[in-house]
Amino acid sequence: MDMARLIATFGGCGLSPRAPGTVGSLAALVVGLPLLKRPRLLVVGIAAVTVVGWWATKRSGKGEDHSWIVIDEVAGMWIALLACLPKTEEQAREKWFWMYPLLSFAFFRLFDITKPGPVGVLDKRHDATGVMGDDVVAGAMAALCVKGVRTVMARASH
């Protein structure tokens, strides 16, 4: 396995015989959770995974969104996790705080699978930008949804 394929499969997660996109997203969630304590590192990680993922996808996938390419799920999942960043230590210790990363995962998978609006438009590109871009947008949409849930939950608790 060459470096491009190793990156594209997120260390082999994309080689799962069943639901490689979900396996890749779940692995991204697990790796991303500790980054919630280091927001700058999460942002740098998103940028790095997106750029390196684009390169790996272009090189190993020839622009097609093969099921084994899951580095795009990593970028999208980490973007979705941006909505989970605690603003204060108190917020990080909230009783329901653990729910937000799970919601990020659920919303991200929903948008990645159903491909609404701009996600579907990017998915139809059949190039590395489309492969990475649809998940970046799905991640942003998931983050907006989680942000909305957090806002409602915060208002309901006051």
Side-chain angles (χ1 to χ4, degrees), residues 1-16 18-87 97 99-151:
M1 181 178 301
D2 67 4
M3 185 58 69
R5 191 171 271 245
L6 185 65
I7 292 167
T9 63
F10 194 51
C13 292
L15 302 176
S16 170
R18 292 218 168 106
T22 299
V23 170
S25 298
L26 193 55
L29 174 63
V30 170
V31 173
L33 283 175
L35 297 176
L36 291 176
K37 293 180 180 178
R38 309 274 315 261
R40 287 188 180 132
L41 194 54
L42 177 59
V43 171
V44 169
I46 291 166
V49 163
T50 302
V51 170
V52 173
W54 181 87
W55 169 83
T57 299
K58 183 172 181 160
R59 184 173 176 127
S60 65
K62 312 266 189 279
E64 290 301 315
D65 196 358
H66 301 283
S67 62
W68 50 265
I69 296 175
V70 296
I71 194 66
D72 50 335
E73 273 80 11
V74 177
M77 189 64 235
W78 287 1
I79 289 168
L81 284 176
L82 287 172
C84 301
L85 291 170
K87 293 180 182 147
F97 191 77
M99 174 181 68
Y100 301 126
L102 295 178
L103 272 176
S104 293
F105 175 81
F107 279 126
F108 173 67
R109 290 307 295 149
L110 175 69
F111 297 138
D112 187 30
I113 291 167
T114 62
K115 308 225 181 282
V119 179
V121 171
L122 284 164
D123 184 59
K124 290 183 176 115
R125 283 184 56 124
H126 299 289
D127 61 7
T129 300
V131 171
M132 292 301 296
D134 74 320
D135 289 82
V136 165
V137 173
M141 290 170 66
L144 288 172
C145 289
V146 171
K147 193 78 167 153
V149 170
R150 285 185 73 178
T151 301

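Applying the side chain to side chain donor-acceptor pair (under 3.5 Å) criterion to Trp68, with sequence neighbours excluded, gives no partner residue. Remark: Thr114 pairs with Leu110, Pro116 by the side chain to side chain contact (heavy atoms under 4.5 Å, CB included) rule, at least two apart or across chains. A search for side chain to side chain donor-acceptor pair (under 3.5 Å) contacts involving Arg125 returns Asp127, not counting sequence neighbours. The side chain to side chain donor-acceptor pair (under 3.5 Å) check on His126 picks up Glu64, with sequence neighbours excluded. For the side chain to side chain donor-acceptor pair (under 3.5 Å) test, no residue two or more places apart in sequence or in another chain qualifies with Asp65. For the ring-ring contact (aromatic ring centres under 6.0 Å, His included) test, residues two or more places apart in sequence or in another chain that qualify with Tyr100 are Phe97. Taking the salt bridge (Lys or Arg N to Asp or Glu O under 4.0 Å) definition, one finds that Asp112 meets it with Arg109, Lys115, sequence neighbours left out. Remark: Arg38 engages no residue in a salt bridge (Lys or Arg N to Asp or Glu O under 4.0 Å) (not counting sequence neighbours).
Residues Val23 and Ser16 share a closest heavy-atom pair of CG2-OG, 3.5 Å. Of all heavy-atom pairs spanning Pro39 and Leu36, the tightest one is CD-O, 4.1 Å. For the pair Phe108 and Ser25, the tightest heavy-atom approach, listed with the atom from each and the gap, is CE2-OG, 3.4 Å. When every heavy atom of Val136 is checked against every heavy atom of Ala75, the shortest pair comes out as CG2-CB, 4.5 Å. Across every non-hydrogen atom of Asp134 and Val119, the tightest pair is CB-O, 3.3 Å.
The salt bridge (Lys or Arg N to Asp or Glu O under 4.0 Å) analysis of residues 49-62, with sequence neighbours excluded, yields no pairs.
For the atom pair CD1 of Ile69 and CG of Asp135, the computed distance is 10.5 Å after rounding to the nearest 0.5 Å. Considering CG of Leu103 and SG of Cys145, their distance stands at 9.5 Å, rounded to 0.5 Å. Once rounded to the nearest 0.5 Å, the distance linking CG of Leu33 with CG of Leu29 reads 4.5 Å. With rounding to the nearest 0.5 Å, the separation of CD1 in Ile71 from CD in Glu73 is 9.5 Å.
Heavy atoms of other residues, nucleotides or ligands lying less than 6.0 angstrom from CE of Met3 number 12 at most.
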What donor-acceptor contacts under 3.5 angstrom involve side-chain atoms of residues 76-86, with partners at least two apart or in another chain?
unit_1 : atom_1 : unit_2 : atom_2 : d
Trp78  : NE1    : Ala28  : O      : 2.8

For residues 4-11, please give each side-chain donor-acceptor pair under 3.5 Å, one per line with the distance, not counting sequence neighbours.
unit_1 : atom_1 : unit_2 : atom_2 : d
Thr9   : OG1    : Arg5   : O      : 2.9
Thr9   : OG1    : Leu6   : O      : 3.2
Thr9   : OG1    : Gly12  : N      : 3.0

